[in-house]
Asker: 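One structure, as structure tokens, below. Some questions next.
What's counted below: heavy atoms across the whole structure, side chains too, no hydrogens, waters or symmetry copies. If you read the sequence from its start, that first residue is 1, and numbering goes on from there.
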Amino acid sequence: MTLSVSCNRFYFPAAVFVFASAAVPALAEDGPYVSVFGGASFQLDQDSDSETAADIDVDFDTGFVVGGSVGYRFDDVLPFGGVRVELEGAYRENDADEVEVATADVAFTGDNSSSSLLVNALIDFNPPIANVRPYLGIGIGGAGTESDVVLTDAGLEFGGNTDINFAWQAIAGVSVPLPYNLELFGDVRYFRISGVDFETSAVGSDVILDEFNAEYESVQTLAGLRYSF
């Protein structure tokens, strides 16, 4: 599978660093917080494999991700920083850009979407520059995927709703404190759902013609606000 995301798309979270040169309040301490975020979602090529028919490969346009979390911060519990634990919900959506059936391009309409609920564990490192605080994290949980792609020439619907599957993500970002107990943050995330099952059926029919197995992968660049109580 080819990672077809150009590097310049990752400049989005870098806007956070602009605030590092301004006068910034003290870093947040122990306690609960809530956050909201949004940004761009770059779903990687989706290769859907069938044991009985031609494979279906889908490329995607740049989409969006929105979400939020509730968490608790344990500040200075490590020699080099603090720890956060949070529960995160998010939604992603990407329009299909190109569909291939057995390596041949076909006409289509539709998109993919995914909803997830993850538990994240993150490390906030002591600021190396002013109050710009880098962090790393990983999240695990469950997610569902919905594919609404219609192969118009063939009169087939590809996708459908999947069951809840295991999902995980890796996170790298920075945060900067703002007045009124707020923090601005930006990060890059790699998100993956394993064992996603899709199917084909005739348009308007519930009869399953074939089943496919795939992986859902996306790279997300996002920014958000965090409020500490």
Asker: What I'd like to find out is whether the side chain of Arg84 reaches to under 4.5 Å of the side chain of Asp124, using heavy atoms alone.
Answerer: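 Yes, their side chains come closer than 4.5 Å.
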Asker: Does any N or O in the side chain of Asn94 come within less than 3.5 Å of the main-chain N or O of Asp61, such that one atom is a donor and the other an acceptor?
Answerer: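 Looks like yes, one N/O pair under 3.5 Å.
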Asker: Go through Tyr216 and Phe191 one step at a time and tell me if the side chain to side chain contact (heavy atoms under 4.5 Å, CB included) criterion holds.
Answerer: CA-CA 8 Å; Tyr216 181 102; Phe191 175 80; 3.8 Å; yes
Asker: Could you go step by step and tell me if Tyr190 and Trp168 meet the ring pair (Phe, Tyr, Trp, His ring centres under 6.0 Å) rule?
Answerer: CA-CA 8 Å; Tyr190 171 78; Trp168 66 275; 5.4 Å; yes
Asker: Under the 3.5 angstrom rule, does the side chain of Arg226 hit a backbone N or O of Tyr33 as a donor-acceptor pair?
Answerer: no
Asker: Determine whether the side chains of Tyr72 and Asp30 contain a donor N or O and an acceptor N or O closer than 3.5 Å.
Answerer: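 Per modelled atom types, Tyr72 and Asp30 side chains form no pair under 3.5 Å.
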Asker: What verdict does the side chain to side chain donor-acceptor pair (under 3.5 Å) test give for Glu146 and Asn112, after you've listed the backbone C-alpha separation in whole Å, the side-chain angles of each residue and the deciding distance to 0.1 Å?
Answerer: CA-CA 6 Å; Glu146 181 178 356; Asn112 262 20; over 6 Å; no
Asker: Will you find, in the side chains of Gln220 and Asp187, an N or O donor that is under 3.5 Å from an N or O acceptor?
Answerer: no
Asker: I need the single residue from Ser116, Ser41, Ser113 that forms a side chain to side chain donor-acceptor pair (under 3.5 Å) with Arg92. Which is it?
Answerer: Ser116
Asker: Applying the 4.5 Å side-chain criterion to the ILVMFWY set and letting contacts propagate, would Phe158 and Leu44 be lumped into a single cluster?
Answerer: no
Asker: Is the ring pair Phe64/Tyr91 parallel, tilted or perpendicular, if the boundaries are 30 and 60 degrees?
Answerer: tilted
Asker: Using modelled atom types and a 3.5 Å cut-off, is there a donor and acceptor pairing between side-chain atoms of Asp55 and backbone atoms of Ser50?
Answerer: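 Yes.
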Asker: So, does Asn126 use its side chain to make a donor-acceptor pair with the main chain of Phe80 at under 3.5 Å?
Answerer: yes
Asker: Do you reckon Leu225 sits in the same ILVMFWY cluster as Val34, going by side-chain contacts under 4.5 Å, direct or chained?
Answerer: yes
Asker: If the plane angle is over 60° it's perpendicular, under 30° parallel, otherwise tilted; pick one for Phe229 and Tyr227.
Answerer: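 Perpendicular.
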Asker: For the backbone of Gly144 and the side chain of Ser114, can you confirm whether one donor and one acceptor N or O come within less than 3.5 Å of each other?
Answerer: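 Checked: pair present.
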Asker: When Thr145 is tested against each of Ile164, Val196, Asp163 for side-chain contact (heavy atoms from CB on, under 4.5 Å), which residue passes?
Answerer: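 Testing each of Ile164, Val196, Asp163 against Thr145, the sole residue satisfying side-chain contact (heavy atoms from CB on, under 4.5 Å) is Val196.
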Asker: Verify side chain to side chain donor-acceptor pair (under 3.5 Å) between Glu215 and Gln46, making sure each step is shown before the conclusion.
Answerer: CA-CA 7 Å; Glu215 304 289 328; Gln46 177 181 282; over 6 Å; no
